[in-house]
Structure formats: structure tokens, C-alpha cells
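Report on the following structure.
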Amino acid sequence: MCGIWAILGEQPQPHHQNAFMSIVGRGPDLTVLEEVQPNVHLGFHRLAIVMPGDTPSAQPIHGAGLAVVCNGEIYNHRELKDGCSVPLKNGGSDCAGIITSFLKNEQDLKETCASLDGVFAFIMADSKNLYIGRDPIGVRPLFYGFNSNGSLIIGSEVKSIERLCDKIDYFPPGCCATVPLNNRYRSIPVQQYYAVPSIADRFLSMENTKTLVREILVKSVEKRLMGNRRFGFMLSGGLDSSLIASIASKFLNHKPIAFSVGFEDSPDLENARRVAEYLNIPHEVLVITPAQCIDIIPEVIYALETFDPLIIRCGIAHYLLCQHIAKTSEVKVLLSGEGADELFGSYAYMQRAPNAFHLHKEILRRMKHLHQYDVLRCDRSTSCHGLEIRVPFLDKRFIDLVARLPPTYKLMPMKLEKHVLRDAFQGWLPEEVLWRSKEGFAEALGKTDLGEIIAQHCDRIVPAEAFARRADRFPDRTPETTEEFWYRQIFEETYCFMKVAPLVHTKVYRTAAWHRVEEKENLEFKDSLDVKEEIAEMMRLRRRSTGSTTLSAGVA
């Protein structure tokens, strides 16, 4: 995990440098702010994972008149560098493969981004243009905006550019852009180079499907073990995180450490312990209290840069665990199971889809917004503590395989969710874990629901009179609960709502593709009162951290 930053159009002043330093947690090992072209400055905060402390792995990387800073890992960097004789400064970094690929592809930026196997957000410059690219799913974040002088400012997190820009936006996943250095427009010409496959055209037998799922996921995990810092796992005791831990443990020379978090009465801590014992790896447990969860919420909101209650709830446990890992261990790289639920459509509400076609549409919708939800939470919860998260389920090859599988392989009557994945890895985990129904990281905190604890707290601290006038204070996306009111209040004390609000997506948990009235498939039912009532009821379902549901007062 690193932090990148850039300003195009003027010399950085102290307030620019202060903004750049607001994300130093992403890379506490080295900080550089370098002018690579007249009035073009690239900034880099390094977290040393590969070749720690080695100068050739520093950034910016230079070669053939190009300079680049990148937050990410390029897993096929040796292949991209092979045969390129251009001398590179700091060429020891895997991110140097961006320059060599750009040269090999005759400076075709779309082809360059498509050639990169990894996760990345990069900013590159030569004497004519600034080049920007972001990985297919948006595992690594990137934001940009223009200030009153017309200068373009880019950064890894909202907090690093928000006070400098008139308006900000996220640079979209799977996209790239070429910005002329003499650009006088307050916009960026974004081009898409990747999209999650929308057509399920892999008509494979079940046996061939299981073989490919197993082989590609194993390779996805193996390539993400690049680096010589100690690895760890965020282990909930559920299928996804346990499976990643099982695969990685077969390849790592030094035993990784499994980390779990929960309340004292959490039954999932026992499940996580069982997995760690089965894999014969050290296991550290952080026992937390409801009071700790509530006290840390302002920090979590600042770190996550959102006011969505479900992201925040999930982020609390992640934030506390990462804080603990950073303080007490030498682990710098964490492997996690994010992305599997979206790809396989395994959340509880998704498994209640009317049919496989509707489930497929919902999977595509969730994947499109993943960078604003679970991926965002993973990135911010780890990066602010100087840790790096890697998510093998979101490997491009794995996505391309699973997204194109028949939807009927993901919605199987009388079968447990993710049946294909479970069956593909028979013998890799204890049976009681492999065939255990879905529960997630945040809901595994204990027998008492964290959402209920927070809701009770908010009911006490939010004055009834203020909540009654909430529409006057918060006319845009008016809070429906005192919990949402409190989060919004904290958020607006930290960030300028008018600038940041467009970046905060709050609808993906509140309704499904088959419930949205703008969807074509709903139109034929518009005269059916029963269906209308059913849709209205379902639209009140609010996803908890892992797809189980609870009733809310309304919908967005």
C-alpha cells in the first residue's frame, strides 16, 4: 500500500504539502515530492513491501523521458520489463513495468493498462501529457479535482485533495486518461479499457468449472505473495477468508499469522481458531468491547471517507484489528476474502433473487460499485495504519471466469450459497468450515448485534428535537435513523459535504436490481398490486454487514 499525489499547473505551496502529508499513513517508509516536468509534481508515500529499504524500489520511477508514481502491485512486471533495454531510475520496483509496457505498446495507454496484471492507481508524465490509470475493479483508490487556478490535483484519498479543489470526483475503475500538460479545460478525457463481463457465456460442465475455479484462484493467491515482509490473514472463520488462508499457507516459507476480532462472547472466534489449528499457523485474537467500537467511530468515519452506516459498521472491527496489528506485530501485508460474495452472489438477499437472470444483473451492479463499498472499507481501514491489503478473489482472470459462468451455477435450489467454490476446494479446510453457511467479519463480533448497540447509543445522544428537524439540516439524503444522523453529523464536521457527497454511494445495500422501478423487467408487473406491495416491503430491507437483513424505516 502506498500513497500517490500530483499537482499539475502550479508550484506546490505549504497548504498543498500539508494535504499531501495527510495520507502519509499509506506509506510511512519514504516520502518524496518531485517536480518531474515544469509545474508537474508527483508525490509518493512508500510502504516498503518488496525489497524494503532498497533505493531502486523508490518512486518516482524514471525512464525514456517518463516519470511515474504508482500505488499498487504489478504481478507480471518481469514479463513487462523483459526485452526492454531502456535504462530506468528506480527500476527495481514492480511498478517500473508500467513504463516498459507503455513503451512496448507504442504509448497506447489503453493497451498499457490492459496489459497490467495487478492492482494499481498510477500517475505518469512526459513532456507533453499526464497519464492516469486505475485497475479494473478499483482496488487501489484515486481521486481528482481542479482548484480555482485551474490546476489539476490528484490523490489516493479524498482527504489529500478535498480542501484544495472546488469539486472532486473519483477516477473510475477500469479507466485511463491522457491529459495534455497545457490543458485549459476543467475536465479529464476518461477512456474505459476494462469492464466486468456482462454476458454469461462460459457454458462449462460443473466438473470443468470447479477445476478452473480452483486453479485460477490458487494462482491468484500465489502471485499476491510477492514481497518479503511477513504476511497475515484477516480470519473470520468463514469460508472466504479461511480459503485464502489455506491456499496461501501452502506457498509461504515463513508461517503467516491469522488475526481475528470479536466480542468476548463471539462464537466465530472459536471457528477462526479451528481454521488456524487446521492450517497449523499462529492465531492472534483481539477481543473488543462495545464501548471501544462506539469510541472509535469518529476515527473510522474520517478514515473511510463515508457516512454510509453499513460500511462504517463493518469498518469498525477492521479498523480496530488493523490498528492492533500495526502496533503489535511485524506483519505488513494482509490477505482478505473480499469480493467472493459479490462474484458468486452469495449474500442472503441475492440468494432470494426471483431467478438466476436477476441474480446475474445484481452481481454486475454490485461489482460496478464495489470500489465504493467493501473495497473502500478494506483499503482505508488498512492503509491508515501502514498496512497493505490484498484481495485474491478480485484478480482479473478470476473475475473474468466467475462473471461469465452460468448464473444457474450461483443460484442452486437446495444448495448452500457458493456451492461451486466450496465443492472445488474439498479437503482444503475442515468440513464444518467449508460447508458452513455465510457469516461475515463484522457480524461475527458476538451474540449481541453491533448495529443494535450503536442504534441504542445514538437514540440516547441525538436530541429528539434535532432528529425531528433532520430534513432541514440534511435535505440531501436525509438520515432515516439516529445512527445515520450521528454519522452524517460527524462526517460534515470533517469533510465539505457539497464536495464529497457525490462520491458517497448509499444505495447498493438498500435495493436490488429486481426491485428498482427503472428496471425494464419490473414494468410488466406495474399493475399488480401484490407485486407492488412485495417490492415495497423488500425495498425496506437493509443489508447488515454480510447480507442478512433487517427492516428500516424507508429507502433511498
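For reference, positions follow the sequence shown, starting with 1.
Side-chain polar atoms of Glu111 and Tyr193 form no donor-acceptor pair below 3.5 angstrom. When only modelled atom types and interatomic distance are considered, Tyr373 and Glu342 share no side-chain donor-acceptor pair under 3.5 Å.
Other residues, nucleotides and ligands contribute more than 12 heavy atoms inside 6.0 Å of the NZ atom of Lys223.
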- Message: Before you tell me yes or no, could you show the steps for Glu483 and Tyr487 under side-chain hydrogen bond (donor to acceptor under 3.5 Å, both in side chains), namely the whole-Å CA-CA distance, both residues' side-chain angles and the distance that decides it to 0.1 Å?
- Response: CA-CA 6 Å; Glu483 179 187 5; Tyr487 293 164; 2.7 Å; yes
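In this structure, the side chains of Phe251 and Val218 come closer than 4.5 Å at one or more pairs of heavy atoms. Side-chain contact between Asp117 and Asp395 is present, with heavy atoms from C-beta onward closer than 4.5 Å. Under the 4.5 Å side-chain criterion, counting only non-hydrogen atoms from C-beta, Glu431 is in contact with Leu434.
The aromatic ring centroids of His385 and Tyr319 lie less than 6.0 Å from each other.
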Could you go through residues 280-287 and list every donor-acceptor pair under 3.5 Å that involves a side-chain atom there, pairing it with any protein atom two or more places apart or in another chain?
residue	atom	partner	partner atom	Å
His283	NE2	Ser260	OG	2.8

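With sequence neighbours excluded, the residues that form a salt bridge (charged side-chain N to carboxylate O under 4.0 Å, His left out) with Arg380 are Glu305.
The aromatic rings of Phe344 and Phe398 sit tilted relative to each other, their planes meeting at an angle between 30° and 60°. Using cut-offs of 30° and 60° on the angle between ring planes, the pair Phe425 and Trp428 is perpendicular.
Taking both residues in full, the closest heavy atoms of Pro136 and Tyr194 are given as CB-CD2, 3.3 Å, listed atom of the first, atom of the second, then distance.
Remark: side-chain polar atoms of Lys250 are not paired, donor with acceptor, to backbone N or O of Glu222 under 3.5 angstrom. Under the 3.5 Å distance criterion, the side-chain polar atoms of Arg230 are matched with a main-chain donor or acceptor of Lys255.
The pair Arg140-Asp135 does not meet the salt-bridge criterion, since no charged nitrogen lies less than 4.0 angstrom from a carboxylate oxygen.
Atom SG of Cys293 sits about 7.0 Å away from atom CD1 of Ile453, to the nearest 0.5 Å.
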